[in-house]
Amino acid sequence: MGDTNGQVVAGGNGKGNRLDQLYNPTDVLIDKETDSLIICDRDNRRVVRWSRRSGTTQGEILIDNIACLGLAMDDQRYLYISDDEKHEVRRYQIGDQNGTLVAGGNGEGAGLNQLNAPKYIFVDQQQTVYVSDNYNHRVMKWNKGAKEGIVVAGGQGEGNALTQLSYPKGLFFDTLGTIYVADSSNNRVMRWPKGAKQGTVIVGGNGEGEGANQFNALGGLSFDRHGNLYVVDNYNHRVQRFSIE
């Protein structure tokens, strides 16, 4: 906290496909069990793991040949990966290459059993998978073992009404079942209470720009335990922090 310079913990050797390089990484999580970073190394079409121990100079490949975009891990240390070419989310045991289909997988489309370019994912303690179904402008909830999903935000076509989303990306769920979603092309973060038909704007929504309450295309989002919201502000090349009451 308070640092003005960051420290390289993975990659940093230019773009490329060597084990000490990354190429357009899109998501990362911390595996506390092994004290390592798991990274969606998107343009290398692989998921890699980098130890956080000092002296680590390269990663190891966990899963190869996957158009990964988003990552999540559940309490049992299963890894969930969205593939926006196959329009599906799979769950993997670490060390497993094939995984189990948990959302989508029925081709590109807008049916309840389909996804269209899924991006970020969030998994709760019941192994329920929430996914930002980007080109369908909706957030989907897939219960464990379900054959189709449930629309929990958006799903009314692309737009900027409170019932709509435009290319949603980052997701977060709290213990009350409230959904927080980075409504990327609307340059706003929305909160959708459980069962609500529309959301409310909690930050942004002031057009595209560089102001302190503006964004230019959102990416991932996250909360810390103090209730601060962190948002990736893509084309402004920054991460913003907001205190949410």
Side-chain angles (χ1 to χ4, degrees), residues 6 8-52 56 58-74 76-105 108 115-123 127 129-135 139-140 142 167-173 181-182 184 217-223 230-235 237 239:
V8 178
V9 289
N13 297 300
K15 72 179 182 192
N17 63 3
R18 296 194 316 252
L19 288 177
D20 66 343
Q21 294 176 307
L22 298 170
Y23 190 179
N24 190 21
T26 53
D27 206 357
V28 60
L29 56 82
I30 294 176
D31 178 11
K32 294 191 180 78
E33 194 91 350
T34 58
D35 195 25
S36 58
L37 301 171
I38 296 177
I39 303 165
C40 244
D41 188 10
R42 180 171 175 80
D43 285 0
N44 281 325
R45 300 181 64 82
R46 64 192 185 188
V47 176
V48 293
R49 179 166 64 191
W50 284 65
S51 168
R52 295 174 71 204
T56 300
Q58 64 179 45
E60 58 173 322
I61 298 171
L62 292 180
I63 299 159
D64 221 344
N65 195 27
I66 182 170
C68 65
L69 199 293
L71 285 175
M73 189 181 266
D74 69 18
Q76 277 98 50
R77 293 188 66 244
Y78 281 101
L79 199 55
Y80 295 74
I81 305 172
S82 63
D83 183 322
D84 65 351
E85 283 178 11
K86 291 183 178 168
H87 309 288
E88 67 183 25
V89 179
R90 284 185 172 268
R91 180 178 69 229
Y92 296 82
Q93 257 184 315
I94 300 220
D96 166 21
Q97 283 290 320
N98 299 319
T100 305
L101 184 71
V102 292
E108 170 190 326
L115 298 168
N116 191 348
K119 301 294 185 204
Y120 291 89
I121 39 188
F122 187 91
V123 181
Q127 296 188 325
V129 176
Y130 298 86
V131 54
S132 51
D133 190 6
N134 192 256
Y135 286 9
V139 177
M140 298 293 287
W142 288 66
Y167 299 100
K169 293 218 173 137
L171 287 180
F172 190 88
F173 285 73
V181 56
S184 183
L218 287 83
L221 60 76
S222 188
F223 280 88
Y230 298 80
V231 188
V232 175
D233 188 5
N234 271 342
Y235 297 146
H237 312 291
V239 177

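Please read these numbers as outputs of a predicted model, since none were measured by experiment.
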(message) More than 12 heavy atoms of other residues, nucleotides or ligands under 6.0 Å from OH of Tyr23: yes or no?
(response) no

(request) May I ask you to decide whether Asp84 forms a salt bridge with Arg42, counting only side-chain N to carboxylate O separations under 4.0 Å? (result) yes

(request) Give the C-alpha distance, both sets of side-chain angles, the deciding distance and a yes or no for side-chain contact (heavy atoms from CB on, under 4.5 Å) between Leu29 and Leu79. (result) CA-CA 10 Å; Leu29 56 82; Leu79 199 55; 4.2 Å; yes

(request) Quickly, which of Val131, Ile81, Val89 forms a side chain to side chain contact (heavy atoms under 4.5 Å, CB included) with Val102? Name it, please. (result) Val89

(request) Let me see the working for Ile94 and Met73 under side-chain contact (heavy atoms from CB on, under 4.5 Å), right down to the final yes or no. (result) CA-CA 10 Å; Ile94 300 220; Met73 189 181 266; 3.9 Å; yes

(message) Nearest 0.5 angstrom please: Ile39 CD1 to Asn44 CG, how far?
(response) 11.0 Å

(request) Please report the shortest heavy-atom distance between Tyr80 and Ile121, naming the atom on each side. (result) O-CD1, 3.2 Å

(request) Evaluate whether atom CZ of Phe223 has more than 12 neighbouring non-hydrogen atoms of other residues, nucleotides or ligands under 6.0 angstrom away. (result) yes

(message) Would the distance check show the side chain of Ser132 and the main-chain N or O of Gly170 forming a donor-acceptor pair, the cut-off being under 3.5 Å?
(response) no

(request) Check Trp50 against Thr56 and note the closest heavy-atom contact, atom names and distance. (result) CE3-CG2, 4.1 Å

(message) To the nearest 0.5 Å, what is the distance between OG1 on Thr100 and CD on Gln93?
(response) 8.5 Å

(request) Any chance you could measure Met140, atom CE, to Tyr130, atom OH, to the nearest 0.5 Å? (result) 12.5 Å

(request) Grab the two heavy atoms, one from Ser222 and one from Phe172, that are nearest each other, plus how far apart they are. (result) CA-CD1, 4.5 Å

(message) Can you tell me how far apart CZ (Arg45) and CD (Glu85) are? Round to the nearest 0.5 Å.
(response) 4.5 Å

(message) Working to the nearest 0.5 angstrom, can you tell me the gap between His87 NE2 and Glu108 CD?
(response) 4.0 Å

(request) Apply ring pair (Phe, Tyr, Trp, His ring centres under 6.0 Å) to Tyr92 and list each qualifying residue two or more places apart in sequence or on a separate chain. (result) none

(request) Using atom types as modelled and distance alone, determine if a side-chain donor or acceptor of Asn134 lies under 3.5 Å from a backbone N or O of Pro168. (result) yes

(request) Can you measure from CG (Asp83) to CD (Glu88) and round to the nearest 0.5 angstrom? (result) 5.5 Å

(message) I need the single residue from Leu37, Val28, Ile38, Leu22 that forms a side chain to side chain contact (heavy atoms under 4.5 Å, CB included) with Val48. Which is it?
(response) Leu22

(request) Report yes if the side chains of Ile30 and Arg52 come closer than 4.5 Å at any heavy-atom pair, otherwise no. (result) yes

(message) Quick one, Arg77 with Asp31, criterion salt bridge (charged side-chain N to carboxylate O under 4.0 Å, His left out). Give me CA distance, side-chain angles, the key distance, then yes/no.
(response) CA-CA 8 Å; Arg77 293 188 66 244; Asp31 178 11; 2.6 Å; yes

(message) Donor-acceptor check, side chain of Ser184 to backbone of Leu218, threshold 3.5 angstrom: yes or no?
(response) yes

Kindly list each side-chain donor-acceptor pair under 3.5 angstrom involving residues 60-71, sequence neighbours excluded, with atom names and distances?
unit_1 : atom_1 : unit_2 : atom_2 : d
Glu60  : OE2    : Arg49  : NE     : 2.9
Glu60  : OE2    : Arg49  : NH2    : 3.0

(request) Could you name each residue pair satisfying side chain to side chain donor-acceptor pair (under 3.5 Å) that touches residues 11-22, not counting sequence neighbours? (result) Arg18-Asp20

